[in-house]
Engineer: 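Next up is a structure, given as structure tokens.
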Amino acid sequence: MILELDCGNSFIKWRVVHDRDVSQILAGGIAGDDRELLQALRERFAQGLSFCRLVSVRTDEETALLVAALRDGFAIDCLIAAPSPQLAGVSNGYDEYQRLGLDRWLAVVGAYSLVGRACLILDLGTAITSDFVERAGRHLGGFICPGMPLMRNQLRTHTRRIRYDDVMAERAQHSLAPGRSTAEAVERGCLLMLRGFVSTQLELAREQCGEEVEVFLTGGDAALVAEWVPAARVMPDLVFVGLAIACPLPSARSC
Ligand SMILES: Nc1ncnc2c1ncn2[C@@H]1O[C@H](COP(=O)(O)OP(=O)(O)OP(=O)(O)O)[C@@H](O)[C@H]1O
Ligand SMILES: CC(C)(CO)[C@@H](O)C(=O)NCCC(=O)O
Ligand SMILES: [K+]
């Protein structure tokens, strides 16, 4: 069994796939930190993991600690996705290709590998990122802005009277009518910012890449915008599609 990890800024997304048929997903989840991940794996996969591949946007030190813990706890080696100027027909659009977030790069490579034509990839996590790929696989770059968790937390942190809990936040999101409580006003205000961002990205994508753009939505908050982009493919596992390309199984080629 192969362990796959997407180590984001707030959460570690994990899944376990079959060695011989990686399209067979045996388990998966979201862990808040290394300890939670190791605990979840220990409960179900104390034995049987043969190998790990991972992508991380954390510091090298944090990633090294996790790799060491996996080696100690499960006797597995990890392949770690590394930056590259080109991969699987996609060319990295950054002036310094090493600086493009690896989660973005893998999502771009994953998306293009699925459709082989122009794509817009929107990843809605702690940060929101957009990336543009033109028809022939040239990545044109993209945008980064704060995601929902950052937007609402900044408002909470920098004001005295914006206070509400997760249940109220969740309830407030069901409509975009002018808010009649703090939770509604903030949650809907942030959602409208998100909607504005998404609609601008769609316009830009058509300008930059033509009308035939395939839109991908990924990240923990993808569902919040899905209704505004009915034609989009909502793919929570898009980064893992790219990860499999960047880090093929050791028998095939090393990362
Ligand atoms: N089961 C879940 N656990 C935690 N967050 C979730 C869950 N389902 C949806 N979310 C949402 O996902 C968001 C976090 O997204 P994601 O997991 O993509 O972030 P991340 O990987 O830490 O961030 P980034 O991709 O910017 O590094 C949170 O805002 C939260 O609302
Ligand atoms: C933007 C995030 C935080 C999104 O997870 C990540 O891709 C990252 O740390 N990127 C590095 C900066 C960049 O992509 O330009
Ligand atoms: K991400």
Side-chain angles (χ1 to χ4, degrees), residues 4-15 27-34 36-37 39-40 54-63 66 80-85 87 90-111 120-133 139-156 164-174 183 186-188 190-191 193-194 197-198 201 216-226 234-243 246:
E4 299 184 322
L5 304 177
D6 170 8
C7 307
N9 277 295
S10 312
F11 298 99
I12 303 174
K13 276 74 69 183
W14 64 271
R15 51 182 223 182
I30 301 176
D33 55 26
D34 291 8
E36 240 183 63
L37 170 71
Q39 177 66 31
L54 71 84
V55 55
S56 173
V57 294
R58 302 180 169 197
T59 64
D60 291 344
E61 292 73 21
E62 287 170 298
T63 308
L66 178 55
I80 305 174
S84 58
L87 183 61
V90 186
S91 60
N92 188 315
Y94 259 31
D95 296 334
E96 296 177 77
Y97 71 88
Q98 305 90 328
R99 299 208 179 265
L100 175 67
L102 278 167
D103 52 350
R104 294 174 62 192
W105 175 235
L106 295 190
V108 159
V109 167
L120 165 64
I121 299 101
L122 296 170
D123 185 340
L124 298 102
T126 307
I128 295 171
T129 59
S130 69
D131 281 281
F132 299 80
V133 187
H139 170 238
L140 304 176
F143 298 93
I144 304 173
C145 61
M148 281 297 277
L150 287 183
M151 289 198 261
R152 64 165 79 88
N153 287 341
Q154 283 297 91
L155 283 168
R156 279 183 198 162
Y164 57 89
D165 60 29
D166 291 348
V167 177
M168 291 157 91
E170 161 75 25
R171 267 196 216 127
Q173 290 174 353
H174 296 305
V186 171
E187 290 297 314
R188 294 176 192 176
C190 293
L191 275 176
M193 288 194 51
L194 209 55
F197 178 80
V198 168
Q201 298 307 304
F216 288 85
L217 295 176
T218 189
D221 282 328
L224 289 179
V225 306
V234 181
M235 289 205 56
D237 286 351
L238 188 57
V239 170
F240 289 127
V241 177
L243 180 62

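Order of listing sets the numbers, starting from 1, for every ligand and every atom in it. Only heavy atoms go into these numbers, but all of them, side chains included; no hydrogens, no water, no symmetry mates.
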Engineer: Less than 4.5 Å apart, side chain to side chain, heavy atoms only: is that true for R58 and D34?
Structural biologist: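 Yes, their side chains come closer than 4.5 Å.
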
Engineer: V57 and side-chain contact (heavy atoms from CB on, under 4.5 Å): which partner among N9, T63, T126?
Structural biologist: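 One option only clears the test, and that one is N9.
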
Engineer: For residues V225 and L122, determine if any side-chain heavy atom of one lies less than 4.5 Å from a side-chain heavy atom of the other.
Structural biologist: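 A side-chain contact is absent here, since even the closest heavy-atom pair is not under 4.5 Å.
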
Engineer: Using a 4.0 Å cutoff against the non-hydrogen atoms of R104, which atoms of ligand 2 qualify?
Structural biologist: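 That gives atoms 7 (O), 13 (C), 14 (O), 15 (O) of ligand 2.
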
Engineer: Would you compute the distance between atom CG of L243 and atom CG of L106 and round it to the nearest 0.5 angstrom?
Structural biologist: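 Between atom CG of L243 and atom CG of L106 there are 6.0 Å.
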
Engineer: Mind checking the SG-CE spacing from C145 to M193? Nearest 0.5 Å is all I need.
Structural biologist: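 It comes to 7.5 Å.
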
Engineer: How about atom 6 (C) of ligand 1: does it have a protein heavy atom within less than 4.0 Å?
Structural biologist: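 Neighbour list for atom 6 (C) of ligand 1 is empty of protein heavy atoms (cut-off 4.0 Å).
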
Engineer: Nearest 0.5 Å, what's the CD-CG distance between Q173 and L224?
Structural biologist: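 So the gap between those two atoms works out to 5.0 Å.
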
Engineer: Going by the atom numbers of ligand 2, which of them fall below 4.0 Å from some non-hydrogen atom of R99?
Structural biologist: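 Near R99, the atoms of ligand 2 are 11 (C), 12 (C), 13 (C), 14 (O), 15 (O).
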
Engineer: Begin with the C-alpha distance, continue with both residues' side-chain angles, and end with the deciding distance and a verdict on side-chain contact (heavy atoms from CB on, under 4.5 Å) for L217 and V198.
Structural biologist: CA-CA 10 Å; L217 295 176; V198 168; 5.8 Å; no

Engineer: Geometry only, no angles: is R152 polar-contacting ligand 1 at N/O separations under 3.5 Å?
Structural biologist: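 Between R152 and ligand 1, no N or O pair is found under 3.5 Å apart.
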
Engineer: Looking only at non-hydrogen atoms, find the nearest pair between T218 and P236 and report the distance.
Structural biologist: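 That closest heavy-atom pairing would be OG1-O, 3.4 Å.
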
Engineer: With only distance considered, is I144 within less than 3.5 Å of ligand 2 through an N or O on each side?
Structural biologist: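 By distance alone, the answer is no.
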
Engineer: Determine which of the N, O or S atoms in D123 is closest to the K ion (ligand 3) and give its atom name.
Structural biologist: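 That would be atom OD2.
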
Engineer: Using a plain distance cutoff, I'd like to know if D123 has any nitrogen or oxygen under 3.5 Å from a nitrogen or oxygen of ligand 1.
Structural biologist: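 Looking only at distances, the answer is no, because the N/O contact criterion of under 3.5 Å is not met.
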
Engineer: Examine G219 against ligand 1 and note whether any of their N/O atoms are separated by less than 3.5 Å.
Structural biologist: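 Among all N and O atoms of G219, none is under 3.5 Å from an N or O of ligand 1.
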
Engineer: Of the protein's non-hydrogen atoms, which lies at the shortest distance from atom 10 (N) of ligand 2, and what is that distance?
Structural biologist: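 Going atom by atom, the protein heavy atom closest to atom 10 (N) of ligand 2 ends up being G101 CA, 3.3 Å.
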
Engineer: For atom 4 (C) of ligand 1, what is the closest protein heavy atom, and at what distance to 0.1 Å?
Structural biologist: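 That would be F11 CZ, 3.4 Å.
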
Engineer: Show me which atoms of ligand 1 lie under 4.0 Å from any heavy atom of P149.
Structural biologist: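 In order of number, 28 (C), 29 (O).
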
Engineer: I need the nearest protein heavy-atom contact for atom 24 (P) of ligand 1: residue, atom name and distance, please.
Structural biologist: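 Sorting protein heavy atoms by distance from atom 24 (P) of ligand 1 puts T126 N, 3.6 Å first.
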
Engineer: Can you tell which of D103, D131, L106 gets a heavy atom nearest to atom 6 (C) of ligand 2?
Structural biologist: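 That would be D103.
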
Engineer: Kindly compute the distance separating CD1 (I30) from CZ (R15), expressed to the nearest 0.5 Å.
Structural biologist: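 If we round to the nearest 0.5 Å, I30:CD1 and R15:CZ are 13.0 Å apart.
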
Engineer: What residue and atom, counting heavy atoms only, is the protein's closest point to atom 30 (C) of ligand 1, and at what distance?
Structural biologist: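 Nearest neighbour among protein heavy atoms for atom 30 (C) of ligand 1, to 0.1 Å: D221 OD1, 3.7 Å.
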
Engineer: Counting C-beta onward and ignoring hydrogens, is there a side-chain heavy-atom pair between V239 and K13 closer than 4.5 Å?
Structural biologist: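 When only atoms from C-beta onward are counted, K13 and V239 do not touch, as no gap falls below 4.5 Å.
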
Engineer: What part of N9, side chain, backbone, both or neither, has a heavy atom within less than 4.0 angstrom of ligand 1?
Structural biologist: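 Both backbone and side chain.
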
Engineer: Identify the two heavy atoms, one from C190 and one from M151, that lie closest to each other, and give their separation to 0.1 Å.
Structural biologist: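 Between these two residues, the closest heavy atoms are SG-CB, 3.8 Å.
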
Engineer: Tell me, do L66 and L5 make a side-chain contact under 4.5 Å, heavy atoms counted?
Structural biologist: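 In contact.
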
Engineer: So is there a nitrogen or oxygen of Y94 less than 3.5 Å from a nitrogen or oxygen in ligand 2?
Structural biologist: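 N/O-N/O distance below 3.5 Å exists for this pair.
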
Engineer: So which heavy atom in the protein is nearest atom 1 (C) of ligand 2, and how far is it from that ligand atom?
Structural biologist: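 Here the nearest protein heavy atom works out to T129 CG2, 3.7 Å.
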
Engineer: How long is the straight-line distance from CZ of R171 back to OH of Y164, given to the nearest 0.5 Å?
Structural biologist: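 Going from the OH atom of Y164 to the CZ atom of R171 covers 13.5 Å.
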
Engineer: What's the shortest heavy-atom distance between A111 and I121, and which atoms?
Structural biologist: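 Looks like CB-CG1, 3.7 Å.
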
Engineer: For atom 9 (O) of ligand 2, what is the closest protein heavy atom, and at what distance to 0.1 Å?
Structural biologist: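 Among all protein heavy atoms, the one nearest atom 9 (O) of ligand 2 is V57 CB, 4.1 Å.
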
Engineer: Is A127 in polar range of ligand 1, meaning some N or O pair under 3.5 Å apart?
Structural biologist: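 Yes, at least one N or O pair falls under 3.5 Å.
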
Engineer: Mind checking whether E187 and M148 have side chains closer than 4.5 Å, heavy atoms only?
Structural biologist: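 They are in contact (side-chain heavy atoms under 4.5 Å apart), so the answer is yes.
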
Engineer: Regarding atom 22 (O) of ligand 1: of the candidates C7, G8, S10, which has the closest heavy atom?
Structural biologist: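 Nearest heavy atom to atom 22 (O) of ligand 1 lies in S10.
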
Engineer: What distance do S130 atom OG and F197 atom CZ have between them, rounded to the nearest 0.5 Å?
Structural biologist: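 The CZ atom of F197 is 4.5 Å from OG of S130, to the nearest 0.5 Å.
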
Engineer: How far is atom 10 (N) of ligand 1 from its nearest protein heavy atom, and which residue and atom is that?
Structural biologist: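 Protein heavy atom with the smallest distance to atom 10 (N) of ligand 1: G220 O, 3.7 Å.
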
Engineer: Note the single closest protein heavy atom to atom 2 (C) of ligand 1, along with its residue, its atom name and the distance in Å.
Structural biologist: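 Scanning the protein heavy atoms, the shortest distance from atom 2 (C) of ligand 1 goes to I30 CD1, 3.5 Å.
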
Engineer: Provide the atom name of the closest N, O or S atom of D103 relative to the K ion (ligand 3).
Structural biologist: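 Of all N, O or S atoms belonging to D103, OD2 is the one nearest the K ion (ligand 3).
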
Engineer: Where on T126 is there a heavy atom closer than 4.0 Å to ligand 2, on the side chain, on the backbone, on both, or on neither?
Structural biologist: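 The answer is neither; T126 stays 4.0 Å or more away.
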
Engineer: Could you tell me which atoms of ligand 2, counted from 1 in the order shown, lie closer than 4.0 angstrom to a heavy atom of L100?
Structural biologist: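 Selected atoms, number and element: 14 (O).
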
Engineer: N9 heavy atoms, cut-off 4.0 Å: which ligand 2 atoms fall inside?
Structural biologist: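 Every atom of ligand 2 under 4.0 Å from some heavy atom of N9: 3 (C).
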
Engineer: Return the closest protein heavy atom for atom 17 (O) of ligand 1 as residue, atom name and distance.
Structural biologist: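 It is K13 NZ, 3.2 Å.
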
